[in-house]
Amino acid sequence: MPELAEVEFYRRRWNPGLGHVVTEVRLHPKASVFRGMDPIEIGRRLIGATLRSSEAAAKQMLFRFTAADTTPLWLGIHLGMTGELSAQPTGYTPAKRDHLVLGQAGRSLVFSDARMFGRVQIAIGKEEPAWWTEIAPAILSSAFTVEAVSIFLQRRGRTAIKPVLLMQERFPGIGNWMADEILWRAGIHPKRLAGSLAPSEIKALHRETRRVAEGALKIIGAADTIVLPDPPKTWLFPHRWENGGKCPKTRAPLIREDIGGRTTCWSPGRQKL
DNA sequence: TCCTATGTTGTATG
DNA sequence: ACATACAACATAGG
């Protein structure tokens with residue numbers, strides 16, 4: 001599920017653990033979410049460490065710990081397609097999909113991921129790890145300019161705009177639903193080649209990318225609810241999966257089709273080829 | 001049984 | 001070296 005704003009939402013679910021020591025680590029050592037890393041090593045390092053702070057960027061999260069001897073310890077989590085974080089009562093017993101459980105006095109911090117496209121990694125030392133610092137500059141930062149977008153679209157000129165919006169090196173945090181939302185707002189057909197967009201369309205795309213990111217972070221990322229909130233009916237989001245779904249702006253039936261290997265939803269008439 | 005799924009990455013090809 | 005397209009990863013739910 002998780003794109004930019006959902007990642008931020010889930011990151012905050014571990015906030016109750018801030019300032020507390022990890023006293024027990026339970027994990028599924030064979031789970032592929034650990035990728036190349038040694039799960040035993042991850043568990044060993046985290047025991048006795050205190051959770052100090054966390055950040056989200058693009059679709060990733062960074063949890064900063066300090067070990068008992070004050071050595072900085074960085075825990076990186078990518079939620080993949082089905083990952084979630086939660087805080088559970090003390091002594092929580094890991095279920096099948098709970099690949100990493102950090103036990104603290106008072107609560108357990110749980111990472112679960114059914115499909116295991118997610119990733120868990122750690123790094124040790126003063127410097128933030130490269131896999132964190134190398135994430136592209138945020139969409140809401142000053143580095144995300146019309147110029148930067150324009151250059152990128154020219155370089156990917158022969159590819160449909162939809163899959164280009166999913167490229168994390170320029171659109172960090174954008175996923176399938178946000179990409180459709182952006183194109184729908186900007187009035188651009190998802191099959192248009194990236195290199196074919198007029199300057200005015202590039203401007204609109206840039207503007208709506210920012211607005212969707214900003215709106216999603218406000219509605220989803222900052223929500224204080226137990227359950228992940230959905231954007232309002234005025235967005236494409238609540239209509240994109242329903243059969244017979246209609247465009248909230250034109251009331252025309254929405255179209256769904258595979259583009260670049262991902263189901264894409266758009267509003268005919270509003271978004272023309 | 002069959003199909004789909006809010007993601008990334010490795011590989012083949014041009 | 002760069003750009004492009006797509007299979008593969010692993011599992012649950014309709």
Side-chain angles (χ1 to χ4, degrees), chain A residues 1-11 28-37 56-61 76-85 94-100 111-121 131-132 134-136 139 151-184 190-196 209 212-213 215-217 219-221 223 227-231 235-245 254 256-266:
Chain A
M1 301 154 106
E3 304 178 19
L4 185 78
E6 287 93 352
V7 172
E8 170 64 7
F9 177 85
Y10 286 124
R11 177 192 70 80
H28 292 318
K30 293 225 180 124
S32 54
V33 294
F34 297 108
R35 311 286 159 157
M37 301 212 76
K59 297 176 188 169
Q60 306 195 61
M61 292 172 285
I77 297 183
H78 191 301
L79 296 172
M81 197 86 109
T82 51
E84 289 182 20
L85 298 189
K96 192 171 142 196
R97 308 175 194 79
D98 302 330
H99 305 301
L100 179 66
F111 163 63
S112 54
D113 183 5
R115 288 175 75 181
M116 294 196 284
F117 289 169
R119 172 196 302 246
V120 175
Q121 53 195 150
W131 45 256
W132 179 256
E134 283 166 6
I135 294 172
I139 286 163
I151 289 166
F152 190 73
L153 296 196
Q154 296 319 309
R155 181 177 295 188
R156 304 291 175 162
R158 301 295 304 162
T159 304
I161 187 65
K162 167 63 189 276
V164 170
L165 272 175
L166 297 176
M167 294 178 180
Q168 300 298 295
E169 70 257 42
R170 180 43 71 197
F171 300 98
I174 299 301
N176 204 30
W177 79 255
M178 287 181 91
D180 285 357
E181 195 80 40
I182 290 161
L183 292 171
W184 173 73
K191 281 187 191 167
R192 291 277 305 283
L193 296 188
S196 78
T209 300
V212 168
L217 282 168
I219 295 163
I220 300 168
V227 199
L228 197 70
D230 279 351
W235 290 40
L236 177 64
F237 184 96
H239 312 281
R240 52 175 287 118
W241 293 121
E242 55 183 52
N243 278 321
L254 294 165
R256 276 203 306 263
E257 196 180 302
D258 201 273
I259 299 175
R262 311 299 300 280
T263 303
T264 300
C265 178
W266 74 93

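First the proteins, then the strands, lettered A, B, ... as listed; each starts at 1.
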A.B. asks: Between the base of dA5(B) and the side chain of R115(A), is there any donor-acceptor pair under 3.5 Å?
C.D. replies: yes
A.B. asks: Quickly work out the D98(A) CG to dA12(C) C1' distance and round it to whole Å.
C.D. replies: 15 Å
A.B. asks: Could you tell me the Watson-Crick or G-U partner of dA10(C), where both distances fall under 3.5 Å? Say none if there is no partner.
C.D. replies: none
A.B. asks: So does K96(A) get a side-chain nitrogen or oxygen closer than 4.0 Å to the phosphate oxygens (OP1/OP2) of dA12(C)?
C.D. replies: yes
A.B. asks: Rounded to whole angstrom units, what separation is found between the CG atom of D180(A) and the P atom of dA5(B)?
C.D. replies: 11 Å
A.B. asks: For dA1(C), give its Watson-Crick or G-U wobble partner with both distances under 3.5 Å, or none.
C.D. replies: none
A.B. asks: Is there a side-chain contact between Q168(A) and the phosphate of dT8(B), meaning an N or O under 4.0 Å from OP1 or OP2?
C.D. replies: yes
A.B. asks: Ignoring the backbone of M116(A), work out which of dG7(B), dA12(C), dA10(C) is nearest its side chain.
C.D. replies: dA10(C)
A.B. asks: Just N and O in the side chain of R262(A): are any of them under 4.0 Å from OP1 or OP2 of dG7(B)?
C.D. replies: yes
A.B. asks: Which whole number of Å gives the distance between the P atom of dT11(B) and that of dA10(C)?
C.D. replies: 15 Å
A.B. asks: Which whole-number value in Å describes the distance from L4(A) CG to dT8(B) P?
C.D. replies: 12 Å
A.B. asks: For dG13(C) and dT8(B), measure between their C1' atoms and round to the nearest Å.
C.D. replies: 23 Å
A.B. asks: Examine dA5(C): is either OP1 or OP2 under 4.0 Å from a nitrogen or oxygen in the side chain of T159(A)? Give yes or no.
C.D. replies: yes
A.B. asks: Please tell me if the side chains of F237(A) and I219(A) come closer than 4.5 Å, counting only heavy atoms from C-beta onward.
C.D. replies: no
A.B. asks: So if I take every side-chain heavy atom of R155(A) and compare against dA3(C), dT4(C), dG7(B), which nucleotide ends up nearest?
C.D. replies: dA3(C)
A.B. asks: Give a yes or no on this: more than 12 heavy atoms of other residues, nucleotides or ligands lie within 6.0 Å of atom CZ of R155(A).
C.D. replies: no
A.B. asks: Considering every strand and a 4.0 Å limit on heavy-atom distances, what is the contact class for G261(A): base, sugar-phosphate, or nothing?
C.D. replies: nothing
A.B. asks: Between dT1(B) and dC9(C), how many Å separate the two C1' atoms, rounded to a whole number?
C.D. replies: 22 Å
A.B. asks: Going by distance alone, is a donor N or O of one side chain under 3.5 Å from an acceptor N or O of the other, for E6(A) and W177(A)?
C.D. replies: yes
A.B. asks: Output the rounded distance in Å from NZ (K191(A)) to P (dA5(C)).
C.D. replies: 13 Å
A.B. asks: Between K59(A) and E8(A), is there a side-chain N and carboxylate O pair less than 4.0 Å apart?
C.D. replies: no
A.B. asks: Would V212(A) and E181(A) satisfy side chain to side chain contact (heavy atoms under 4.5 Å, CB included), going step by step from the backbone distance to the final call?
C.D. replies: CA-CA 7 Å; V212(A) 168; E181(A) 195 80 40; 3.9 Å; yes
A.B. asks: Provide, to the nearest angstrom, the distance between the CE atom belonging to M178(A) and the C1' atom belonging to dG7(B).
C.D. replies: 15 Å
A.B. asks: For R35(A), I'd like to know if atom CZ has over 12 heavy atoms of other residues, nucleotides or ligands within 6.0 Å.
C.D. replies: yes
A.B. asks: Taking OP1 and OP2 of dG7(B), is either one under 4.0 Å from a side-chain nitrogen or oxygen of H78(A)?
C.D. replies: no
A.B. asks: For the pair R240(A) and D180(A), find out whether any cationic side-chain nitrogen is under 4.0 Å from an anionic carboxylate oxygen.
C.D. replies: yes
A.B. asks: How close or far is atom C1' of dT4(C) from atom CZ of F152(A), stated in whole angstroms?
C.D. replies: 12 Å
A.B. asks: Output the rounded distance in Å from NE2 (H28(A)) to C1' (dT11(C)).
C.D. replies: 14 Å
A.B. asks: Out of dA12(C), dA10(C), dG7(B), which has the shortest distance to the side chain of S32(A)?
C.D. replies: dA10(C)
A.B. asks: Using a 4.0 Å heavy-atom cut-off, does G157(A) contact any base of the nucleic acid, only the sugar-phosphate backbone, or nothing at all?
C.D. replies: sugar-phosphate
A.B. asks: From dA12(C), dT4(B), dA3(C), pick the nucleotide closest to the side chain of R156(A)?
C.D. replies: dA3(C)
A.B. asks: From the set dG7(B), dA5(B), dA3(C), return the single nucleotide nearest to any side-chain atom of W241(A).
C.D. replies: dA5(B)
A.B. asks: Ring centres within less than 5.5 Å and planes less than 30° apart: is that true of F117(A) and dC9(C) in this structure?
C.D. replies: yes
A.B. asks: Tell me the interatomic distance from L79(A), atom CG, to dT11(C), atom P, rounded to whole angstroms.
C.D. replies: 18 Å
